[in-house]
Amino acid sequence: MGPELIESTGDHRCDLITQGLIGIFDIAFPGRVLGVYLRGSHASGASIGGSDLDLYVLFRDRFADRAEFDRARALADHCAQLSPILLEIIVIGEAVLQLPEAVSTALDFKLGTRLVYGTDVRPGLPDFEPDGYLRSVIHTPFNSYRFATQRSDDGVLSYPFEHLDPDGPFFGFDQWAMPGPDGVERPSTKLLVATVGWTATAIIALRTGRYVRDKAACAELYRREVADEWTELVVQTHELCRNRWAYGIPDDDHERAQLRDLCRRVPDFLNHFLLLYRDYQEAELAAGDPDRQQLAERRLAEVSWPDPVP
């Protein structure tokens, strides 16, 4: 039996996995783990059969050096390989949560997690501030954009985005595998859901200044507050891929056609966002704040833009 949890994840199997992970990290890094936090749908109570188990492992103060961080990341990856369900672990140092560029992560900690082990640092984290949140979260979609190796081989993305795999049944959006009921990894809609969801989250922040807690809130806020020509794509991706298909690839021909159509429309949605992103970063360049200007310059350089931008 592993360490006792402060509160249950809501799922007995997830409780056991979390307890095992805590025990492993405590043995590997004695005295270094400050807390373990549940995030995502298990934290909000909206989990379904195919939901990931999403956790933050928070290290005391900061990582001692790059080697400690690399060992923690490697251990998290090994734990995920042993898990019978998709286990996503983010290892992070306590000090990072006070950095300006980590505002969205700090807010996720403060507003979107549940403490299951250790010390609660959330009361000491900064309160929600719309401008800082936007500056941080508007770049978050790039994490899913770069997951697909077809997008970039040197860290620089190219506008406009095209399909990852033009000849694939789902244009490459099925390449993020997840464990099936038998533990065998299978193609999933995870990459599609993450790509559309994080892009929609950034647009919500840009248009409304609202904080987005989870996938369900993203779909609802986009429908209610943004309500543009991409609303159907955002809402259907959530309703079909997550709620109906539990992130799996459907077998039914009609449903496969629905999924293919969703995937077909995604690059245009991403290109719509990238133009909004460029406008935002160019406005940051003109803001007169040296730190914001430097950040905007660095972020604009992460995309290869045609001249002129259409």
Side-chain angles (χ1 to χ4, degrees), residues 1-11 13-44 47 50-97 99 101-102 104-109 112-122 140 142-144 146-149 175-180 183-186 188 190-191 193-194 197-198 214-215 247:
M1 190 71 176
E4 184 176 352
L5 301 183
I6 293 173
E7 64 172 304
S8 171
T9 65
D11 181 281
R13 184 169 60 163
C14 289
D15 285 351
L16 294 176
I17 293 169
T18 302
Q19 288 176 303
L21 176 140
I22 292 168
I24 290 170
F25 266 85
D26 274 344
I27 291 171
F29 299 94
R32 295 291 291 126
V33 175
L34 184 60
V36 176
Y37 295 76
L38 187 67
R39 60 191 181 89
S41 58
H42 283 285
S44 65
S47 61
S51 291
D52 307 349
L53 174 57
D54 299 313
L55 298 168
Y56 281 116
V57 176
L58 183 66
F59 274 61
R60 194 176 306 278
D61 191 21
R62 64 189 76 240
F63 288 103
D65 50 30
R66 179 72 194 196
E68 184 182 54
F69 173 71
D70 288 343
R71 288 191 298 115
R73 281 283 304 274
L75 186 60
D77 290 343
H78 293 320
C79 288
Q81 287 180 311
L82 292 172
S83 175
I85 63 175
L86 190 60
L87 175 62
E88 294 190 0
I89 307 160
I90 296 176
V91 294
I92 190 169
E94 178 187 9
V96 169
L97 298 177
L99 297 177
E101 59 267 32
S104 63
T105 301
L107 279 171
D108 189 32
F109 251 87
T113 67
R114 289 161 50 200
L115 178 71
V116 294
Y117 174 76
T119 301
D120 194 353
V121 302
R122 294 173 297 179
T140 305
F142 282 58
N143 294 330
S144 58
R146 289 198 179 92
F147 175 87
T149 55
Q175 63 181 267
W176 188 342
M178 72 173 188
V184 177
E185 289 201 338
R186 292 178 171 83
S188 78
K190 287 279 186 180
L191 180 58
V193 172
W198 278 117
D214 56 25
K215 296 180 182 72
Y247 299 111

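When reading the values below, keep in mind they use all heavy atoms of this one structure, side chains included, and skip hydrogens, waters and symmetry mates. As the structure is a prediction and not an experimental result, all values here were calculated from the model.
Looking at every heavy atom in both residues, Leu55 comes nearest to Arg39 through O-NE, 3.5 Å. When every heavy atom of Met178 is checked against every heavy atom of Ser188, the shortest pair comes out as CG-CB, 3.7 Å. Counting all heavy atoms, side chain and backbone alike, Gly10 lies closest to Asp15 at N-OD1, 4.1 Å. When all heavy atoms of Leu115 and Val36 are compared, the pair lying nearest together is CD1-O, 3.7 Å. Minimum interatomic distance between Cys79 and Ile89 (heavy atoms only, all atoms of both residues): CB-CD1, 4.1 Å. Heavy atoms only, all atoms of each residue included: Ser83 and Ile17 are closest at OG-CD1, 3.7 Å.
Only one option out of Phe109, Tyr37, Tyr117 pairs with Tyr56 in a ring-ring contact (aromatic ring centres under 6.0 Å, His included); it is Phe109.
For the atom pair Lys190 NZ and Ser144 OG, the distance stands at 13.5 Å (nearest 0.5 Å). Between the CZ atom of Arg62 and the CD atom of Glu68 there is a distance of 12.0 Å, given to the nearest 0.5 Å. Atoms CZ and CZ, on Phe29 and Arg71 in that order, are 4.5 Å from each other to the nearest 0.5 Å. Remark: Asp54 CG to Ile90 CD1 distance equals 7.5 Å, nearest 0.5 Å. A distance of 7.0 Å separates CZ of Arg114 from OG1 of Thr9, quoted to the nearest 0.5 Å. The distance from the CG atom of Asp11 to the CD1 atom of Ile85 is 6.5 Å, given to the nearest 0.5 Å.
Summarising the local packing, CH2 of Trp198 is surrounded by 12 or fewer heavy atoms from other residues, nucleotides or ligands at distances under 6.0 Å.
Judged purely by atom type and a 3.5 angstrom limit, Arg13 has no side-chain atom pairing as donor or acceptor with the backbone of Pro84. In terms of modelled atom types and a separation under 3.5 Å, the side chain of Arg32 and the main chain of Phe25 share no donor-acceptor contact. Between the side chain of Glu7 and the backbone N or O of Val116 there is no donor-acceptor pair closer than 3.5 Å.
Two residues are said to be in side-chain contact when any heavy atoms from C-beta on lie closer than 4.5 Å; Leu21 and Leu87 meet this criterion. Ile24 is not listed as a side-chain neighbour of His78, based on a closest heavy-atom distance of 4.5 Å or more. Side-chain contact between Leu5 and Ile22 is present, with at least one heavy-atom pair separated by less than 4.5 Å.
By the 30° and 60° cut-offs, the orientation of the rings of Phe63 relative to Phe59 is tilted.
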Before giving the answer on side chain to side chain contact (heavy atoms under 4.5 Å, CB included), spell out for Gln19 and Leu16 the whole-Å C-alpha distance, their side-chain angles and the decisive distance to 0.1 Å. CA-CA 5 Å; Gln19 288 176 303; Leu16 294 176; 3.7 Å; yes
Checking side chain to side chain contact (heavy atoms under 4.5 Å, CB included) for the pair Leu53/Leu38: CA distance, chi angles, key distance, verdict? CA-CA 8 Å; Leu53 174 57; Leu38 187 67; 3.6 Å; yes
Let's go through Leu97 and Leu58 carefully: what are the C-alpha distance in whole Å and the side-chain angles of both, what is the deciding distance for side chain to side chain contact (heavy atoms under 4.5 Å, CB included) to 0.1 Å, and is it a yes or a no? CA-CA 10 Å; Leu97 298 177; Leu58 183 66; 4.0 Å; yes
